[in-house]
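Each remark here refers to the structure printed beneath this line.
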Amino acid sequence: MKQSRPSDLQPLKTNDTATILTGIGLWAAALVALLIVGPDAGHRWWIWTCVSGICGGIFGLWFVRRRDRHAPASAPAPGEEPVEPATAIPPISPTPPSA
């Protein structure tokens with residue numbers, strides 16, 4: 001009884017740029033709120049945490065855009081059907097396996 005191996009699942013298509021821009025926006029909002037409230041001297045490091053979050057997001061945005069620019073266009077191989085994300089269940093063969 002030899003069963004064929006199901007095809008590998010393909011990675012999900014995500015919008016990394018939108019995710020990173022959302023993160024940068026949240027860090028920027030936190031920074032603005034902290035600058036308005038003005039934390040006491042013992043908590044001024046919160047401001048620098050927001051600044052580093054924004055800088056890390058800008059680096060991530062540059063990196064993702066560069067990666068996408070240099071990535072080859074991925075298309076399913078001829079004769080292969082695209083497989084749904086992780087929730088996909090391979091089709092069941094209409095005939096039962098012979099012993």
Query raised in the report: Do the side chains of Ile20 and Phe63 join up, straight or via other hydrophobic residues, at under 4.5 Å, putting them in one cluster?
Result: no
Query - Residue Arg66 excluded, over 12 heavy atoms near CZ under 6.0 Å - result: no
**Report entry** Sequence neighbours excluded - ring pair (Phe, Tyr, Trp, His ring centres under 6.0 Å) pairs with any residue from residues 14-45
**Finding:** His43-Trp46
Query raised in the report: If Ile, Leu, Val, Met, Phe, Trp and Tyr residues are connected whenever their side-chain heavy atoms lie under 4.5 Å apart, and connections chain through other members, are Leu34 and Val32 in the same group?
Result: no
Query raised in the report: Which value, rounded to the nearest 0.5 Å, describes the distance between Cys55 atom SG and Ile24 atom CD1?
Result: 9.5 Å
Query - Non-hydrogen side-chain atoms of Thr14 and Thr19 separated by less than 4.5 Å - result: no
Report summary line: So CG of Asp16 and CG of Leu21: to nearest 0.5 Å the spacing works out to 11.0 Å
Query raised in the report: Cluster question for you: counting only ILVMFWY and a side-chain heavy-atom cut-off of under 4.5 Å, with indirect links fine, are Leu26 and Leu35 together?
Result: no
Query - All pairs passing salt bridge (Lys or Arg N to Asp or Glu O under 4.0 Å) where residues 47-65 contributes a residue, at least two apart - result: none
Requested in this report: Indicate if Val64 and Phe59 have the same hydrophobic cluster label, given that clusters are the connected sets of ILVMFWY residues with side-chain heavy-atom separations under 4.5 angstrom.
Outcome: no
